[in-house]
Amino acid sequence: MITVSYSPGNLEWKWYAKWLENDLFRRKISPDKTAYTILIPPPNVTGILHMGHILNNTIQDVLIRRARQKNRSVFWIPGTDHAGISLQIKVEKELAKENKTRHDVGREAFLDLARKWREKHGNIILDQLKKLGVSCDWSALKYTFDPDYYRVVLATFVEWYRRGYIYRGSRLINWCPVSMTALSDEEVIMREQNSILYYVKYEIVEKPGTFITVATTRPETIMGDVAVAVYPADERYQDFIGLHCWRPILRESIPIIADEAVLKDFGTGALKITPAHDEVDFEIGQRHGLAAIGVIDKNGKLNHLAGPEFAGMDRFEARKRVGEYLKENGLLVKEENYVNNVGFSERANVPVEPMLSEQWFLKYPCVEEAKWAVQRGFICFRPERWEKTYTHWLDNIKDWCISRQLWWGHRIPVWYRKGTDRNEPQNWHVSVDGPEDPENWEQDEDVLDTWFSSAIWPLATLGWPDGGAMEEMGFDYFYPTADLVTGPDIIFFWVARMIMSGLSLLGDGEKALSDDEIRRRIPFRNVYFTGIIRDSIGRKMSKSLGNSPDPLDLIEQYGADGVRIGLLSMAPNGQDILFSEDRVAQGRKLCTKLWNSFRFRQQGGMEGDRSSLAAIVRRIDSSTLEVDDGAILGKLLGTMNEFERMMADYEFSRALQILHTFFWSDYCDWYIEISKMRTNETVWAVHDLILRQLLLLFHPFIPFVTEELWQGHGYGEKFLGEELLESGDELRCDLSRIDFGKMAEWIEEVERVRELVVAVRALRAQFGLASRRDVRFYFKADPLAKEIIDRHRRDIKYLLLTQFFDETAEALQLPTTVVALGSIYMDTGSLDMVEEKGRLGRELEQLDRLIEMNQKKLQDKDFLARAPQEIIGGARDLLAENIAKRKELEAVFSKLSSVS
RNA sequence: GGGCGGGUAGCUCAGUUGGUUAGAGCAACUGGUUUACACCCAGUAGGUCGCAGGUUCGAGUCCUGUCCCGCCCACCA
């Protein structure tokens, strides 16, 4: 038996603990079953649970629980990410409270602090996820900084280095002057800025008194200029190409060159070349063999190469001062306001500085195969459109700067022989364990980009590359994984890189891969991209706006079940989601309603075997089975089939809506109500059957309350989570004693009766008589319809709150409503004739419009000639129905007319 | 500059190869303690489907153009 009222707080933790106790989530390798694996997108150890996690993990849990219901061998691998730069910042902030920097405590002590921080806070988010009910196999928990994971990361580096994909080089990279590290292109976000475009005069060396003017937004880099470039065919500057000009600050002769990369229509068409601080300039410099002079330091301040006047000055201060200097010296032609795009560091939120720097790079492996895998559908993106984004990125891919000047991260496994030139590869040692004579070497100080370790998440979590570990984890059985659920914002950061990693690392050769080989190596078969959760007016949720609800508060208030189903119901397929707490409240209401429907059932007595589907079916006695019972069972089967179709397409919110409508409208509002009139064993068995199927269908979405009801209602020994789900067709076989040939007919019949009841309710509501019990009704129907009405007369009387529902032979002079089954007249005892005439008149008018429309269509020769038969037939039926209806109304109407 | 997504009831969204009178939930309004549930029940109202053309017997759905909103990518300094 279940308790009177539903309170999620009490029961949720109870069941989660029991599930864990009974090891329900642990993977099992069963050769006779198909494997189904999901990798959790590892949340950052620094993260706290937000709505995005809730959505993400709810979807994963739904998929996982459904896979269990379908007898798959399920493995959901949980884990966390060490969150490189993010955790480093947290620890540095704590140090800052004591007025210390990481350099004060030193590398080892700093790493200890970071580890301690993670031990203390790192698993909070996992505990929060448990509150949500996620059914991960916790015995497989991974952390990207686990010692074994750490080794895999290094092994990957070594392997790719060995294959020539990783190299060290001096390139122009994105430098963050606040975090003091290099960043990848993906970590730079472009922002519109109000800038000033300075037009600066450079005097021609060979022609004193003649100038070439360049336009720049970055005058503070003039000291690093090594040339001025123009478009080769630019007629304005033909005479200047090959000459020289004087750099206006730190006066020096620099060449005037021609390069196709210059846009002649921008500014003056002349471009100052500063290879150390601009990407285009760098490339031009390379083409022309120019040196690069870096005038900005890693902390964002100008260095000694900028000259004594500006050295030590912040780059933005220097910009202003250089501007003033140029003006004072008559070198500034003009300045104008200008809006341009500037790259910002994602984390520190300051403009990045393009800087020439020695870093480690990865030339991505298997780029073409990665494209192919998705194009050929070996990996299926949902929604499909993300394929384009993915392909476009791969088409324009550039080498990945993987080294970070941080301490918290996987340290690059490269050692340099002490006292030798680091630029010479023969002085390098690259291995996981380091050189055997460490005293003669010093290790590279840098660590790897966090995303480097994330890229091998599907491999490392399953034990790769260690044979023993792979066997223990069941690599061959569980890889490739089935579904990846993530946000489209990390399609480059993570998804694409995982695909390339899998393709590359699961083989050793670099030869072209066959389709079969690709299928074997891909890390997952489906990628489901969720929408991004926004607030109710479409803004991104953020801490600073304070528009993000605390998921734990929501769970507290509405229960994890309510939050889960509420969120899913508002999540259209792959579209952004406008969060509304209202929906979450509705989620809880659904749980409550489910609960209460069981309370209704239990008031009917708990006799009857419910321990299995077969047992319930046995209790159904065909001789007492009525049309209503058959109809609701038929609807259940239809609902199950449609639900399955939607779920197969990952259309969660639509699937839920179908289920919701069946449960609430068909089962509760109709079937429960009419079954109150007859309480025999067959009816209770039908209830047990429907409730049982509802629990199974709802369970992946609302696991806690369904488990409570399952156990409380005595549905079996096993946990609901262990029970298999029949398909609609399978259930149909189990119900083979029912005459399914008539099912469609039954459903149709019940629909007609419902139509009648609804129409009459509306009629009486219009007369303000909704709750009066003394209203009499009369009906006029043809023999076939009368048979139906007779069959349901008891239900109709009950639902219409009336004692009188009698047959009549003629149109009565009473308020009336006409439905497919016939005409219903309402005897109110007294009646405002004028009011009723007006009402009927309006209804007639509307019918006339419909009839006219229909007739027109059916008289259209083209329509008759070209439209398919069933459409024409449908139109004919509709017309006939409306004409009949009109005739009935007309009869009453004319009677009223004759009276007044 | 290129690409993607969206514009349907006051709000959030469905609408599946074009086909009967465009749907749901919420909000609004009216009425209701009928032996599961007021976290409920019953009912009412509300839409020229962004705009303009076109294809078609028939367009919310297909095509073209156009206007808004959002996102992603891009080396105009």
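Just the heavy atoms: all of them, side chains too, but no hydrogens, waters or symmetry mates, feed the values below. Proteins get letters first, then strands, A, B, ... in listed order; numbering begins at 1 in each.
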| task | Choose from B:U20, B:A24, B:G43 the nucleotide whose nearest atom is closest to any side-chain atom of A:Gln657. | result | B:A24

| At under 4.0 Å, does any side-chain N or O of A:Gln603 touch on OP1 or OP2 of B:A36? | yes

| message | Please tell me if A:Lys797 has a side-chain N or O lying less than 4.0 Å from either OP1 or OP2 of B:U34. | response | no

| request: Give one of base, sugar-phosphate or nothing for A:Lys388, where a contact means two heavy atoms less than 4.0 Å apart. | output: sugar-phosphate

| request: Grab the CG-P distance between A:Leu567 and B:U12 for me, whole Å please. | output: 17 Å

| So which nucleotide from B:G43, B:C4, B:U12 ends up closest to the side chain of A:Arg385? | B:C4

| request: Mind checking A:Ala762 for me? I need base, sugar-phosphate or nothing, with any heavy atom below 4.0 Å counting as a touch. | output: sugar-phosphate

Each nucleotide N or O in nucleotides 69-74 of chain B that has a protein N or O under 3.5 Å away: list the pair and distance.
unit_1, atom_1, unit_2, atom_2, d
B:A74, N6, A:Asn341, ND2, 3.3

| said: Classify A:Ile672 by what it touches in the nucleic acid, base, sugar-phosphate, or nothing, heavy-atom distance under 4.0 Å. | reply: base

| task | Tell me what A:Arg761 touches on the nucleic acid: a base, only sugar-phosphate, or nothing, going by heavy atoms under 4.0 Å. | result | sugar-phosphate

| task | Report which part of the nucleic acid A:Thr216 touches: base, sugar-phosphate, or nothing (heavy-atom distance under 4.0 Å, all strands). | result | sugar-phosphate

| field | Among B:C4, B:C41, B:U21, the nucleotide that comes nearest once only the side chain of A:Leu878 is considered | value | B:U21

| query | Which residues in residues 266-287 of chain A have at least one heavy atom lying under 4.0 Å from any atom of RNA chain B? | reply | A:Phe266, A:Leu271, A:Val280

| message | So A:Val262, base contact, sugar-phosphate only, or nothing? Heavy-atom distance under 4.0 Å. | response | base

| query | Is A:Cys668 touching bases, backbone alone, or none of the nucleic acid, heavy atoms closer than 4.0 Å? | reply | base

| message | Rounding to an integer number of Å, can you tell me how far A:Asn596 CG sits from B:A38 C1'? | response | 11 Å

| query | At under 4.0 Å between heavy atoms, what does A:Gln602 touch on the DNA or RNA strands: base, sugar-phosphate, or nothing? | reply | nothing

| With a cut-off of under 6.0 Å to the ring centre and 45° to the axis, is A:Arg588 in cation-pi contact with A:Tyr558? | no

| query | Between A:Phe381 and A:Trp386, does the ring centre distance come in under 6.0 Å? | reply | no

| Quick check, are the ring centers of A:Trp684 and A:Phe600 under 6.0 angstrom apart? | yes

| task | Could you tell me if the ring centre of A:Tyr528 sits under 6.0 Å from that of A:Phe652? | result | yes

| message | At 4.0 Å (heavy atoms only), tell me whether A:Arg601 reaches a base, stays on the sugar-phosphate, or touches nothing. | response | nothing

| task | Provide the full list of salt bridge (Lys or Arg N to Asp or Glu O under 4.0 Å) pairs with a residue in residues 271-284 of chain A, sequence neighbours left out, each pair given once. | result | A:Asp225-A:Lys272

| task | Using atom CG of A:Leu590 as one end and atom C1' of B:C26 as the other, report the distance to the nearest whole Å. | result | 15 Å

| said: Heavy atoms from C-beta onward define the side chain here; which of B:C4, B:G25, B:C40 lies closest to that of A:Lys593? | reply: B:C40

| Just checking A:Thr217: base, sugar-phosphate only, or nothing, at a heavy-atom cut-off of under 4.0 Å? | sugar-phosphate

| field | Under 3.5 Å on both distances, the Watson-Crick or G-U partner of B:G53 | value | B:C63

| said: Looking at B:A77, I'd like to know if its phosphate oxygens (OP1 or OP2) sit under 4.0 Å from a side-chain N or O belonging to A:Tyr338. | reply: yes

| Is the ring centre of A:Trp393 less than 6.0 Å from the ring centre of A:Tyr364? | yes

| note | With the side chain defined as heavy atoms from C-beta on, A:Asp582 is closest, among B:A77, B:G43, B:C26, to B:C26

| query | Looking at A:Tyr199, does the NZ or CZ of A:Lys334 lie under 6.0 angstrom from its six-membered ring centre and within 45 degrees of the ring axis? | reply | yes

| field | Closest listed nucleotide, where the reference is the side chain of A:Leu263 and the choices are B:C41, B:C4, B:A77 | value | B:A77

| message | When you measure from the side-chain N and O atoms of A:Trp664 to the phosphate of B:G25, is any distance below 4.0 Å, counting only OP1 and OP2? | response | no

